[in-house]
Amino acid sequence: MIRRLMAHRALKILCVAAACLGVAPAWAMQPGEYQIKAAYLLNFARYVEWPAQRLPAGAPLRLCVLGRDPFGEALSGLEGRQVNGHEVKPRVVDGVEMASDCHLVFITDSEERRVGLLLRGLAGRSVLTVSDIDGFAEAGGGIGLVVDERRVRFDINLTSVQREGLRASSQLLRHGRFVFGLRAP
């Protein structure tokens, strides 16, 4: 319970920090867009649960970038961080075969023309797919990052996430801009 509360508080802090970026003065030291997106990736990993056979206790969590790496140092800054007892191992991959070994795959905009092919290639492998390609979540990806009113936000395709055998926490769903596949009570 305490762990869940702390995780919820961390997500709130991240969202508030991202919201503040839209109103901070130009001279202020602000994290770059991809530093913020890297923080989102880390938090997505915190609020998504993989099947135990896919991500056993204590195993490293492989966070991958598929395509030209826009993250730079922000990605390497995630190396060794802990997420729910898993050490984060970020890396850049160049194809579906390498990406299928990953738990979370960020598909870059350099792969926009192949996004459908990539999603089909990763289907059924318990991979959380994330991208900032326009309409990614609507097109069947797991989580789509969007810049809305100069703030980074996200859309979730719950149907796609669940189809991969993943469980998104209610806290994550609550903070999504749009959640596709969520049934009204």
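Fair warning: this is a prediction, and the values are worked out from it, not measured in the lab.
Side-chain contact check for Leu75 versus Leu63: some heavy-atom pair is nearer than 4.5 Å. Contact of the Thr159 side chain with the Phe180 side chain is not registered, since no non-hydrogen atoms from C-beta on lie closer than 4.5 Å. Using a 4.5 Å heavy-atom cutoff, the side chains of Val105 and Leu128 are not in contact. Using a 4.5 Å heavy-atom cutoff, the side chains of Leu66 and Cys64 are not in contact. The closest side-chain heavy-atom distance from Leu42 to Val83 is below 4.5 Å.
In terms of hydrophobic clustering, with Ile, Leu, Val, Met, Phe, Trp and Tyr side chains grouped at heavy-atom distances under 4.5 Å, Val93 and Trp50 are assigned to different clusters. Clustering ILVMFWY residues whenever any of their side-chain heavy atoms sit less than 4.5 angstrom apart, transitively, puts Leu122 in a cluster other than the one holding Leu41. Linking ILVMFWY side-chain heavy atoms closer than 4.5 Å, directly or via other members, places Phe44 and Leu119 in two distinct hydrophobic clusters. No continuous path of hydrophobic side-chain contacts links Val130 to Val115 [ILVMFWY only; heavy atoms under 4.5 Å]. When hydrophobic clusters are built by joining Ile, Leu, Val, Met, Phe, Trp and Tyr residues whose side-chain heavy atoms come closer than 4.5 Å, directly or via intermediates, Val161 is grouped together with Leu61.
More than 12 heavy atoms of other residues, nucleotides or ligands sit less than 6.0 Å from atom CG of Asp148. Counting heavy-atom neighbours within 6.0 Å of Arg54 CZ, excluding the residue itself, gives a total above 12.
For the residue pair Pro70 and Val65, the shortest heavy atom distance occurs at CD-CG1, 4.3 Å. When every heavy atom of Leu145 is checked against every heavy atom of Phe154, the shortest pair comes out as CD2-CB, 4.0 Å. Between Ser110 and Gly67, the shortest heavy-atom contact is OG-CA, 3.6 Å. Closest non-hydrogen pair, Pro51 versus Leu166, comes out as CD-CD2, 3.9 Å. Looking at every heavy atom in both residues, Phe136 comes nearest to Gly142 through CE2-N, 3.7 Å. Residues Glu73 and Ser76 come closest through the heavy atom pair O-OG, 3.0 Å.
Salt-bridge formation is detected for the pair Lys37/Asp132: a Lys NZ or Arg NE/NH1/NH2 atom is positioned less than 4.0 Å from an Asp or Glu carboxylate oxygen.
When the side chain to side chain contact (heavy atoms under 4.5 Å, CB included) test is applied to Gln82, the partners found at least two apart in sequence or on another chain are Glu87.
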For salt bridge (charged side-chain N to carboxylate O under 4.0 Å, His left out), just list the numbers for Glu164 and Arg125, CA-CA rounded to whole Å, side-chain angles, deciding distance to a tenth of an Å, and then say yes or no. CA-CA 7 Å; Glu164 291 303 314; Arg125 299 183 187 218; over 6 Å; no
Check against side-chain contact (heavy atoms from CB on, under 4.5 Å), Arg91 and Cys102: CA-CA 9 Å; Arg91 65 182 174 147; Cys102 304; 3.9 Å; yes
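To the nearest 0.5 Å, atom CD1 of residue Ile133 and atom CD of residue Glu111 are 7.5 Å apart. Atom CG in Asp109 sits 9.5 Å away from atom CG in Asp134 (nearest 0.5 Å). A distance of 10.5 Å separates CZ of Arg62 from NZ of Lys89, quoted to the nearest 0.5 Å. How far CZ of Arg153 is from CZ of Arg177: 7.0 Å, rounded to the nearest 0.5 Å. Taking CG of Leu118 as the reference point, atom OG of Ser100 lies at 11.5 Å (rounded to 0.5 Å). Leu173 CG to Leu158 CG: the interatomic distance, rounded to the nearest 0.5 Å, is 5.5 Å.
Remark: the backbone N or O of Gly140 is paired with a side-chain donor or acceptor of Ser160 at under 3.5 angstrom.
Applying the ring-ring contact (aromatic ring centres under 6.0 Å, His included) test to every pair with at least one member in residues 71-95, sequence neighbours left out, gives these pairs: Tyr34-Phe71, Phe71-Phe106.
Residue Phe178 is tested with Asp155, Asn157, Ile156 for a side-chain contact (heavy atoms from CB on, under 4.5 Å); the sole match is Asp155.
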